[in-house]
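Every chain is numbered from 1, with letters handed out A, B, ... down the list of sequences.
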There are 2 protein chains.
Amino acid sequence: MAKQNTVFKDAFNRCLKVLEQTASLPSEPELGATLSVSRTTVRAILTRLEEVGLLAWEKRRKIVLRKPVAADYFPTEETDSLSEIIERSFMRRILAGGAEPGMQINELELAREIGIGTTSVREFLIRFSRFGLIEKRPNSHWVLKGFTRDFALELTEVREMFELRSAAAFAHLPGEHPAWQELDAIEAVHHAILADIENRYLDFSELDERFHLLVHRASKNRFVVDFYDVIAIVFHYHYQWNKTNARERNARALEEHLAYISALRSRDPSRIEHACRQHLKSARETLLQSIN
Amino acid sequence: MAKQNTVFKDAFNRCLKVLEQTASLPSEPELGATLSVSRTTVRAILTRLEEVGLLAWEKRRKIVLRKPVAADYFPTEETDSLSEIIERSFMRRILAGGAEPGMQINELELAREIGIGTTSVREFLIRFSRFGLIEKRPNSHWVLKGFTRDFALELTEVREMFELRSAAAFAHLPGEHPAWQELDAIEAVHHAILADIENRYLDFSELDERFHLLVHRASKNRFVVDFYDVIAIVFHYHYQWNKTNARERNARALEEHLAYISALRSRDPSRIEHACRQHLKSARETLLQSIN
DNA sequence: AATCTGTCTATTGTCGATAAAAGACAAAAG
DNA sequence: CTTTTGTCTTTTATCGACAATAGACAGATT
């Protein structure tokens, strides 16, 4: 197979959600915009909806015939893009599995293990290399540098530089900048999670990323914002991997975030710096603890 | 053709240089180490040296029969690796040619223009994307963000953060660290170029990279060091492209480097910071001037 | 005993081919 | 005259194949 039709399957599933709540579908371009796919894919979706008897489609008439049921959806395994599959597979290997620093990475072996072509693996490794966890020996193998203590220290050093600067820049955003509204929304979710911390503490990971990305964006610097990808991926898999004391850690981080948010809103540089440093310090400690 | 034998050709040329100065060649592993290639390539080189009558090779006996002449070398166009060719070609397009920001980049078109396969172009673009000049729309084209004023400002902002910190770290390197010797060597080249500035001002570009990379390395942070690649490539092509007032600019930068070097050697934090800021400021101005 | 060479295998870098997806354009519908 | 649809072309994502290169191992040489 030359290309997986995951875009189609994923958009189809999302279209079913839309379909659950309306009696008819909008025009092809509009539906394309809603699902973020091209008209070609929209038409493929409409064709299939008709085939499985969900839709009566004739030109502009797109009438929903019945509510979709679970069996209409494509299984989730089939909707992940290849690069997501590779990333998960690879991260499991290097974080969970006993992967020693210095180990060689074999493209062919990885490809066979995941069951995909070598080109996709190569492209993944090239993209992944910017995270500083692997390194290429030209004309030869990749070397795993590993998720080591040094790695964590270097990562957090840059993170702290960037975030302190971004937080300071945040204070200078004009009052009508949408970031302030987003900050309000983020704060509200913090309170919601804290109110039901026992059940919802695992929601923190996603919220953490959303908050810090917002702060980094205030730098208006593409290198700072792009670097946040590195932090995000490390923390993302770190949270998945290390769940000891997750409840307490996350509760504490949530409180720190709230202090940080309130400092940002005060626009007082020294309060911001203090709250930011405080939080970054405990984030660093958490990360380091998980390594040893 | 599946793979260009540029490694072979380049190593062959370098081997001819070695051959100009000895009467016989060392063992295969040793030669491989000298040329940084595998034994397979060494043997291919030896085979060809024998074919063209430069060497009498029988097992351990590798006797030079005559001095190599210009015609023995492979032409330089054939020794560049594919990625170097793509990079040059691409940079010429986006820096020299009238490439508007927002323009679409077409993989197939680029590949055909350069006369190579699409896979190589794709891999190049993925690697290149970390420089922040292009961006991918998934399942669709790349977008040229362009070498704009914003780009230069964002680049220099991060550069200044990183370099100030690296310079400060430099002062704490132990006296026996090899960086101090390299610093001496670099300083000597500065004096040599300044003494013959009229003829040698174009040598500055390479020296500049060597010096700043040395400073960045003192950070001992892979993200800082890796980021220097972005700076290096931008300045590299910038120097090639914009040669107005190059002599004066470079002379000034050389003087600033000397002050910077002397400050580093003093290990006095405030002197270092001052000299570093001074130089970074004029580097930024130079870069910005070339954009408008 | 250490290193070198001969030989063989494994892996990378690059290509062209092909299905999925994006997108262009004109005719049709409002 | 603006938007939608039908149709067609172009481009991307992925694959498998193959030459260049790296690398492993055993026997030969010093």
Side-chain angles (χ1 to χ4, degrees), chain A residues 1-11 26-32 35-46 57-62 81-83 85-86 104-112 114-126 136-142, chain B residues 1-11 26-32 35-46 57-62 81-83 85-86 104-112 114-126 136-142:
Chain A
M1 62 220 99
K3 204 176 180 178
Q4 313 286 66
N5 56 349
T6 57
V7 172
F8 162 70
K9 288 178 177 170
D10 183 54
S27 78
E28 296 173 12
E30 197 181 327
L31 196 53
L35 301 171
S36 316
V37 292
S38 73
R39 259 191 69 219
T40 306
T41 305
V42 167
R43 300 189 113 238
I45 292 171
L46 292 174
W57 176 32
E58 203 224 346
K59 306 202 168 180
R60 309 194 176 205
R61 286 213 129 69
K62 309 186 188 74
S81 83
L82 202 38
S83 43
I85 294 170
I86 304 178
Q104 294 183 11
I105 297 166
N106 186 315
E107 293 177 2
L108 202 59
E109 191 187 318
L110 256 178
R112 276 196 287 244
I114 310 177
I116 59 176
T118 49
T119 311
S120 308
V121 170
R122 277 176 71 79
E123 291 187 0
F124 167 76
L125 292 172
I126 294 170
K136 178 128 192 70
R137 300 289 145 85
N139 286 310
S140 182
H141 49 258
W142 291 81
Chain B
M1 62 220 97
K3 205 175 180 180
Q4 313 285 63
N5 57 348
T6 57
V7 171
F8 162 70
K9 287 178 178 173
D10 183 53
S27 77
E28 296 172 13
E30 197 181 327
L31 197 52
L35 300 171
S36 315
V37 292
S38 73
R39 259 189 71 219
T40 306
T41 306
V42 167
R43 300 188 114 238
I45 292 171
L46 293 173
W57 176 32
E58 202 223 349
K59 306 202 169 180
R60 309 196 175 201
R61 285 214 129 69
K62 308 186 190 75
S81 84
L82 202 39
S83 42
I85 295 171
I86 305 178
Q104 293 182 12
I105 297 167
N106 186 315
E107 292 176 4
L108 203 59
E109 190 187 320
L110 255 177
R112 277 196 286 245
I114 310 178
I116 59 176
T118 49
T119 312
S120 308
V121 170
R122 276 177 72 78
E123 292 187 0
F124 167 76
L125 291 172
I126 294 170
K136 178 127 193 72
R137 300 289 145 84
N139 285 310
S140 182
H141 50 258
W142 291 82

Check whether any side-chain N or O of [X] sits under 4.0 Å from OP1 or OP2 of [N], and answer yes or no.
X      : N      : answer
A:K136 : C:dG13 : yes
B:T6   : D:dA20 : no
B:H141 : D:dT10 : no
B:T41  : D:dA22 : yes
B:S120 : C:dC15 : yes
B:S140 : C:dG23 : yes
B:N139 : C:dA21 : no

Does any non-hydrogen side-chain atom of [Y] lie less than 4.5 Å from one of [X]?
X      : Y      : answer
B:I45  : B:L31  : no
B:I126 : A:R122 : no
A:I105 : A:L110 : yes
B:E28  : B:K62  : yes
A:I114 : A:I86  : yes
B:N139 : A:K3   : yes
B:P29  : B:R39  : yes

Indicate, with a heavy-atom threshold strictly under 4.0 Å, whether [X] touches base, sugar-phosphate, or nothing.
X      : result
B:Q4   : sugar-phosphate
B:I86  : nothing
A:T40  : base
B:I105 : sugar-phosphate

Nucleotide [N], atom [atom2] - distance to [atom1] of [X] in whole Å:
X      : N      : atom1 : atom2 : result
A:N5   : C:dA21 : CG    : P     : 5 Å
B:L82  : C:dT14 : CG    : P     : 5 Å
A:E107 : D:dA22 : CD    : C1'   : 13 Å
A:R137 : D:dT21 : CZ    : C1'   : 16 Å
B:F124 : C:dG13 : CZ    : P     : 16 Å
A:K3   : D:dG16 : NZ    : P     : 17 Å
A:L108 : C:dT9  : CG    : P     : 16 Å
B:E123 : D:dT14 : CD    : P     : 13 Å

Both A:S38 and A:A2 contact DNA chain C. Which one's nearest nucleotide lies toward the 5' end?
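The 5'-side residue here is A:A2.
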Specify the residue among B:G115 and A:F8 whose closest nucleotide of DNA chain C lies further upstream toward the 5′ end.
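Checking each residue's closest nucleotide, the 5'-ward one belongs to B:G115.
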Let me know, please, whether B:N106 or A:P138 comes out on the 5' side of the other along DNA chain D by nearest nucleotide.
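Result: B:N106.
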DNA chain D nearest-nucleotide lookup for A:I116 and B:V7: closer to the 5′ end is A:I116
Distances under 3.5 Å only, N/O to N/O: pair up the protein atoms with those of nucleotides 1-5 of chain D.
residue: D:dT4; atom: OP1; partner: A:S27; partner atom: OG; Å: 3.0
residue: D:dT5; atom: OP1; partner: A:K59; partner atom: O; Å: 3.4
residue: D:dT5; atom: OP1; partner: A:K62; partner atom: NZ; Å: 2.8
residue: D:dT5; atom: OP2; partner: A:E28; partner atom: N; Å: 2.8

Side chain to side chain contact (heavy atoms under 4.5 Å, CB included) assessment of A:T6 paired with A:L82:
CA-CA 8 Å; A:T6 57; A:L82 202 38; over 6 Å; no
